[in-house]
Amino acid sequence: MNGLKKAFVGALAQALEQDAASLEASIVRPPDSKLGAFAFPCFSLAKALRKGPPQIAADIAAKVVAPEGTSVVAAGPYLNLVLKPCVLARMAVTSSLSLDPTGSVTESGKGRTVLVDYSSPNAGKELVYHHIRSTVIGAALCRLYGAAGWKVVAVNHLGDWGTQFGKLILMWLREHGMDQEKSLVDLGSVTLSDLNRMYVGFKPAAAEDPTLEEDARLWFARLEAKEAFARTCWERFIEVSKTELNKVYVRFGARFDHFLGESFYEDKLDATIARIAKAGILEESEGAQVVHVGENIPPCLIRKRDGATLYATRDLAAAIWRHEHFGCDRALYVVDAGQSLHFKQVFAVLERMQEPSAKACIHVPFGLVLGKGEDGNWSKVSTRSGTGSPLPAVMDMAAVEIGKTIRALALQKESDLTDSDIESLSESIGVGALVFNELKNKRLVDTKFDLEAILSFSGDTGPYIQYAHVRLSSILRKATKPLNPAKARWELLCEPETDAVLACLSQFGERIDQAVEANEPSLLSQYALELAEKVHSFTHHHRVLDVDATPERLLLVEAARRTLSRVLTILGLEAVERM
RNA sequence: GCGCCCGUAGCUCAGUUGGAUAGAGCAACGGAUUUCUAAUCCGUCGGUCGUGGGUUCGAGCCCCGCCGGGCGUGCCA
């Protein structure tokens with residue numbers, strides 16, 4: 001497709017006697033694929049040629065030598081490159097059929113490395129529904145970059161350090177009558193919900209007995225001093241947390257190359273601060289040590305008055321360490337938009353330190369998860385609306401609801417899906433629906449948690465797209481003739497609905513690249529919806545099996561199925577074959 | 001106060017980096033099923049793109065002001 005664009009530009013350049021490079025930037029996609037594959041707007045030439053744009057378009061159309069298999073037609077002020085139907089069909093189908101199911105789709109990122117910091121929850125607590133955002137967006141970005149040929153390093157910056165672990169150790173001891181021996185014995189069977197209970201229970205307990213706050217600080221100090229008991233408890237708490245986290249990550253298809261939590265950077269903080277000082281930008285302000293980063297933003301706090309380090313200090317140490325070890329061209333921080341100021345400060349400090357990592361760092365912000373309140377208005381997390389519920393519980397609920405729907409429809413259609421089929425499909429479709437809901441809109445738009453709408457089989461939903469893939473798979477299952485692109489009569493793929501699918505398929509690569517450049521998975525989600533719509537329309541209007549055009553239509557069906565499957569996989573939905 | 005984000009159909013949102021007649025889904029209404037999964041498709045209804053200026057051959061998109069909403073703002077993460 002790219003070669004075609006170049007040929008178009010080349011032909012125009014020759015007709016206009018102009019430089020090709022300057023023309024290429026102004027080439028656009030027509031709003032409707034029926035108009036052509038590419039278009040050149042003639043407005044900018046009006047002044048120089050002292051003619052109206054439509055006249056210019058007509059003049060060039062008369063003069064230009066169209067590339068083989070195409071025609072260049074004037075349409076008002078535009079020059080459109082129209083492909084002969086068989087050319088578009090051959091190009092779109094053959095390139096889709098050559099898609100590697102797991103390899104890259106484009107090569108735009110070849111030789112470059114991206115680090116993606118995502119999910120990064122606090123350890124010792126259960127995941128709450130809103131944690132879905134960073135997890136799902138980050139995982140999609142990892143696969144998206146991979147599809148564009150990048151080397152991807154996925155990192156989970158786990159919140160595994162701080163006074164909250166002093167609190168947990170203390171609460172654990174209290175639950176065992178302050179008997180260390182006894183509490184160590186029980187440590188093997190501690191669960192994440194135990195940790196969560198203790199975490200939540202600390203606040204009321206401390207309200208009753210204020211000395212607990214000081215005790216918790218003490219226990220954290222012992223942990224920092226690597227005291228054996230504290231250390232053993234902490235290690236076990238982290239292990240339990242990771243085990244539970246991984247269960248969720250598996251369900252989302254989220255993958256990490258490294259768990260490098262905050263504790264990992266603890267012994268690197270002094271060196272980091274020394275480096276900041278050496279750069280001559282560390283200043284004393286109101287007893288704290290800060291770095292000034294600009295007129296309109298507050299300074300970045302590096303060390304508190306009491307000497308303790310802060311969130312920003314750890315992020316600086318992490319940015320520097322990661323850059324030295326992974327050498328990435330881009331480092332994405334998939335973190336909610338509420339932390340924009342924090343990252344602005346941290347990146348500015350890196351800039352002032354003249355760290356090479358400064359240029360690589362990109363904050364990829366996203367909006368909130370809103371739930372419907374009792375008043376019917378959308379508002380921030382609440383347990384009642386479901387947005388404050390534990391994430392695994394919501395995932396289970398989604399799977400159960402989808403299971404009911406599939407079971408009812410399977411009965412109605414007398415399908416031969418077994419119970420275990422339905423169980424595994426419910427998981428794929430239920431979780432897929434949640435994933436798609438998080439990815440379908442621009443990251444910065446707040447997502448609305450409306451389970452009924454999310455799980456609907458009609459509308460802009462995950463199930464709608466998965467169903468398109470199911471219909472294609474179903475046709476291919478019943479096909480008996482082998483696919484043979486070499487003998488295809490491409491001119492038979494000529495109906496409007498067929499053409500729409502072909503045009504959509506031909507855009508796959510550029511959509512991937514656009515999504516990567518904008519760090520915006522929703523660009524691919526929107527593409528998935530477009531493709532699914534066109535597939536549904538095609539399969540509805542045209543019969544594939546047992547007709548004259550069967551060999552060609554089967555090729556189209558397989559091309560569309562492969563592309564749709566790849567898109568679903570990148571987004572994090574399973575391309576199921578039945579439902 | 002200051003900073004950032006958002007404002008497009010009754011509701012939820014797209015709008016391909018400034019180009020062709022502003023598009024989908026949901027809801028409502030009307031159609032299509034002897035046919036490969038109709039969980040679908042086709043149609044109708046629905047818009048002063050928050051508002052007032054500016055730049056441009058051309059603005060939903062860029063610049064400035066205002067209105068409305070959200071988030072964040074020095075010792076939490």
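Letters go in sequence order (proteins before strands), and every chain restarts at 1.
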Participant: Hey, does A/His542 reach any base, or is it just sugar-phosphate, or nothing, if we go heavy atoms under 4.0 Å?
Facilitator: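 Base contact.
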Participant: Report which part of the nucleic acid A/Leu301 touches: base, sugar-phosphate, or nothing (heavy-atom distance under 4.0 Å, all strands).
Facilitator: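 Here A/Leu301 touches the bases of the nucleic acid.
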Participant: Looking only at side-chain N and O atoms, does A/Arg314 come under 4.0 Å of OP1 or OP2 in B/A77?
Facilitator: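 For B/A77, OP1 or OP2 has a side-chain N or O of A/Arg314 closer than 4.0 Å.
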Participant: In whole angstrom, what separates A/His541's NE2 from B/U33's C1'?
Facilitator: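 In whole Å, B/U33 C1' and A/His541 NE2 are 13 Å from each other.
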Participant: Can you work out whether A/Glu533 or A/Gln526 has the more 5'-proximal nearest nucleotide on RNA chain B?
Facilitator: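 Looking at RNA chain B, the more 5' nearest nucleotide goes with A/Gln526.
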Participant: Do any side-chain nitrogens or oxygens of A/Tyr464 fall under 4.0 Å of OP1 or OP2 in B/A38?
Facilitator: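 Answer no for this pair, as no side-chain N or O of A/Tyr464 is under 4.0 Å from OP1 or OP2.
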Participant: So which one's nearest nucleotide on RNA chain B is more toward 5', A/Arg305 or A/Lys478?
Facilitator: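 Mapping each residue to its closest nucleotide by heavy atoms, the 5'-most match is A/Lys478.
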Participant: Using the P atom on both, measure B/U55 against B/C61 and round to a whole Å.
Facilitator: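 15 Å, rounded to whole Å.
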Participant: I want to verify a distance call: between B/G70, B/C36, B/C75, whose nearest atom is closest to the A/Ile475 side chain?
Facilitator: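 Comparing B/G70, B/C36, B/C75 against the side chain of A/Ile475, the answer is B/C36.
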Participant: When rounded to the nearest 0.5 angstrom, what is the spacing between OG in A/Ser340 and CG in A/Leu444?
Facilitator: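 Reported value, rounded in 0.5 Å steps: 7.5 Å.
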Participant: Counting side-chain heavy atoms from CB outward, which of B/A38, B/G70, B/A14 is closest to A/Asp446?
Facilitator: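 So the side chain of A/Asp446 is nearest to B/G70.
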Participant: Can you tell me, in whole Å, how much space there is between the C1' of B/C45 and that of B/A9?
Facilitator: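 Taking atom C1' in both B/C45 and B/A9, they lie 11 Å apart.
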Participant: Describe the nucleic acid contact of A/Ala288 in one word from base, sugar-phosphate, nothing, applying a heavy-atom distance below 4.0 Å.
Facilitator: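 Base, at least one base atom sits under 4.0 Å.
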Participant: Could you tell me whether A/Gly76 contacts a base, only the sugar-phosphate backbone, or nothing, with contacts defined as non-hydrogen atoms closer than 4.0 Å?
Facilitator: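 Nothing, no heavy atom under 4.0 Å.
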Participant: Under 6.0 Å from the six-membered ring centre of A/Tyr199 and within 45° of its axis: does the NZ or CZ of A/Lys203 meet both?
Facilitator: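 Not flagged: A/Lys203 not positioned over aromatic ring of A/Tyr199.
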Participant: Side chain of A/Phe457, heavy atoms from C-beta onward: which of B/G72, B/A39, B/C13 has the nearest atom to it?
Facilitator: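 Per side-chain heavy atoms of A/Phe457, the pick is B/A39.
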Participant: Does any non-hydrogen side-chain atom of A/Leu245 lie less than 4.5 Å from one of A/Leu158?
Facilitator: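 Yes. Closest side-chain heavy atoms under 4.5 Å.
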Participant: Does the A/Arg553 side chain pair with the main chain of A/Arg543, one donor and one acceptor, at a distance under 3.5 Å?
Facilitator: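 Yes.
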Participant: Would a distance-only check, ignoring hydrogens and angles, find a side-chain to backbone donor-acceptor pair under 3.5 Å from A/Asp446 to A/Leu368?
Facilitator: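 Checked: pair present.
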Participant: Choose from B/U12, B/A39, B/A77 the nucleotide whose nearest atom is closest to any side-chain atom of A/Lys448.
Facilitator: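 So the side chain of A/Lys448 is nearest to B/U12.
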Participant: What is the nucleic acid contact for A/Gly159, judged by heavy atoms within less than 4.0 Å: base, sugar-phosphate only, or nothing?
Facilitator: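 No contact at all - A/Gly159 keeps every heavy atom at 4.0 Å or more from the nucleic acid.
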Participant: Should the side chain of A/Ser285 and the base of B/G74 be counted as holding a donor-acceptor pair, with the cut-off at 3.5 Å?
Facilitator: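 Such a pair is found, so the answer is yes.
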Participant: In whole angstroms, how far is the P atom of B/U12 from the CG atom of A/Leu368?
Facilitator: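 Going from CG in A/Leu368 over to P in B/U12 covers 16 Å.
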Participant: Can you check whether A/Gly367's main-chain N or O pairs, donor with acceptor, with A/Arg133's side chain at less than 3.5 Å?
Facilitator: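 Flag set: sc A/Arg133 to bb A/Gly367 pair under 3.5 Å.
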Participant: Is A/Arg553 close enough to B/C36 that one of its side-chain N or O atoms is under 4.0 Å from OP1 or OP2 there?
Facilitator: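 So the side chain of A/Arg553 is outside the cut-off, no N or O lying under 4.0 Å from OP1 or OP2 of B/C36.
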Participant: Step by step, would you call A/Leu260 with A/Tyr265 a side-chain contact (heavy atoms from CB on, under 4.5 Å)?
Facilitator: CA-CA 8 Å; A/Leu260 293 171; A/Tyr265 301 101; 3.7 Å; yes
Participant: What integer distance in Å separates A/Arg443:CZ from B/C13:P?
Facilitator: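 Rounded to whole Å, this separation is 16 Å.
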Participant: Under 4.0 Å from OP1 or OP2 of B/A14: is there any side-chain N or O of A/Lys442 that close?
Facilitator: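 Checking A/Lys442 against B/A14: at least one side-chain N or O falls below 4.0 Å of OP1 or OP2.
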Participant: A/Tyr467 has an atom OH; how far is it from atom P of B/A39, in whole Å?
Facilitator: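 Taking atom P of B/A39 as the reference, OH of A/Tyr467 is at 5 Å.
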Participant: Can you tell which of B/A20, B/C71, B/C76 lies closest to the side chain of A/Lys380?
Facilitator: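 Closest nucleotide among those given: B/C71.
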Participant: What nucleic acid atoms does A/Val557 come within less than 4.0 Å of, heavy atoms only: base, sugar-phosphate, or nothing?
Facilitator: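 Here A/Val557 touches no strand at all.
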Participant: Using the C1' atom on both, measure B/U33 against B/A27 and round to a whole Å.
Facilitator: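 Going atom to atom, C1' in each nucleotide, I get 24 Å.
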Participant: What is the nucleic acid contact for A/Ala39, judged by heavy atoms within less than 4.0 Å: base, sugar-phosphate only, or nothing?
Facilitator: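 Answer is base: heavy atoms of A/Ala39 come under 4.0 Å of a base.
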Participant: When the P atoms of B/C62 and B/G18 are considered, how many whole Å apart are they?
Facilitator: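 To the nearest whole Å, 7 Å.
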Participant: Taking atom P in both B/G15 and B/U73, what distance in whole Å separates the two?
Facilitator: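 About 29 Å, rounded to a whole number of Å.
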Participant: I need the CZ-P distance between A/Arg543 and B/A38, as an integer number of Å.
Facilitator: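 Value for this atom pair: 11 Å.
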Participant: Which whole-number value in Å describes the distance from A/Leu523 CG to B/A24 P?
Facilitator: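 Those two atoms, CG and P, are 19 Å apart.
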Participant: What nucleotide, of B/A24, B/A77, B/U40, holds the atom closest to the side chain of A/Arg471?
Facilitator: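 It is B/U40.
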Participant: Hey, could you give me the CE/CD distance between A/Met579 and A/Gln466, rounded to the nearest 0.5 Å?
Facilitator: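 Separation between the atoms: 6.0 Å.
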Participant: Taking N and O atoms by type only, does the side chain of A/Asp315 place a donor or acceptor under 3.5 Å from a partner on the base of B/A77?
Facilitator: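 Absent.
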Participant: Using the C1' atom in both, what is the distance from B/C49 to B/G30, to the nearest Å?
Facilitator: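 Approximately 30 Å lies between the C1' atom of B/C49 and that of B/G30.
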Participant: Between B/U40, B/G74, B/A77, which one does the side chain of A/His536 approach most closely?
Facilitator: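 The answer is B/U40, which lies nearest to the side chain.
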Participant: Looking at A/Ser537, I'd like to know whether one of its side-chain N or O atoms comes within less than 4.0 Å of OP1 or OP2 on B/U40.
Facilitator: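 No, no such contact exists.
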Participant: Taking any heavy-atom pair under 4.0 Å as a contact, classify A/Val28: base, sugar-phosphate, or nothing.
Facilitator: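 Result for A/Val28 = nothing.
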Participant: Under 4.0 angstrom, heavy atoms only, what part of the nucleic acid is A/Asp160 near: base, sugar-phosphate, or nothing?
Facilitator: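 Nothing, no nucleic acid heavy atom in range.
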Participant: Categorize A/Gln339 for me: base, sugar-phosphate, or nothing, with a 4.0 angstrom heavy-atom threshold over every strand shown.
Facilitator: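 Contact class for A/Gln339: base.
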Participant: Run the ring-centre check on A/Phe220 versus A/Phe165 and record whether the distance is less than 6.0 Å.
Facilitator: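 That pair fails the under 6.0 Å test.
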Participant: What's the gap between B/G10 and B/G50 when it is taken at their P atoms, as a whole Å value?
Facilitator: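 Going atom to atom, P in each nucleotide, I get 13 Å.
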Participant: If you check the A/Leu444 side chain, which of B/C5, B/U12, B/U73 turns out closest?
Facilitator: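 Selected nucleotide: B/C5.
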Participant: Between B/C26 and B/A39, how far apart are the P atoms? Round to whole Å, please.
Facilitator: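 B/A39 and B/C26 have their P atoms separated by 14 Å.
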Participant: At 4.0 Å (heavy atoms only), tell me whether A/Thr539 reaches a base, stays on the sugar-phosphate, or touches nothing.
Facilitator: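 Contact class for A/Thr539: base.
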Participant: So, is B/U51 syn or anti if syn means the angle is within 90° of 0?
Facilitator: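 What B/U51 shows is an anti base, its glycosidic angle lying more than 90° from 0.
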Participant: OP1 or OP2 of B/A39 sitting under 4.0 Å from any side-chain N/O of A/Lys413?
Facilitator: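 Indeed, a polar side-chain atom of A/Lys413 lies that close.
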Participant: From CD1 of A/Ile465 over to C1' of B/G25, roughly how many Å is that when rounded to an integer?
Facilitator: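 Spelled out: CD1 on A/Ile465 to C1' on B/G25 is 12 Å.
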Participant: Name the closest nucleotide to the A/Gln514 side chain, picking from B/G25, B/G74, B/U16.
Facilitator: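 Of the options given, the side chain of A/Gln514 lies nearest B/U16.
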Participant: Can you identify which nucleotide, out of B/A20, B/U16, B/A39, has its nearest atom closest to the A/Pro30 side chain?
Facilitator: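 Of the candidates, B/A20 comes closest.
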Participant: In this structure, how many angstroms lie between the C1' atom of B/C75 and the CD atom of A/Glu283, rounded?
Facilitator: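 For the pair A/Glu283 CD and B/C75 C1', the rounded distance is 16 Å.
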Participant: Would you say the rings of A/His536 and A/Tyr464 are close, in the sense that their centroids are separated by under 6.0 Å?
Facilitator: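 Here the rings of A/His536 and A/Tyr464 have centres that are less than 6.0 Å from each other.
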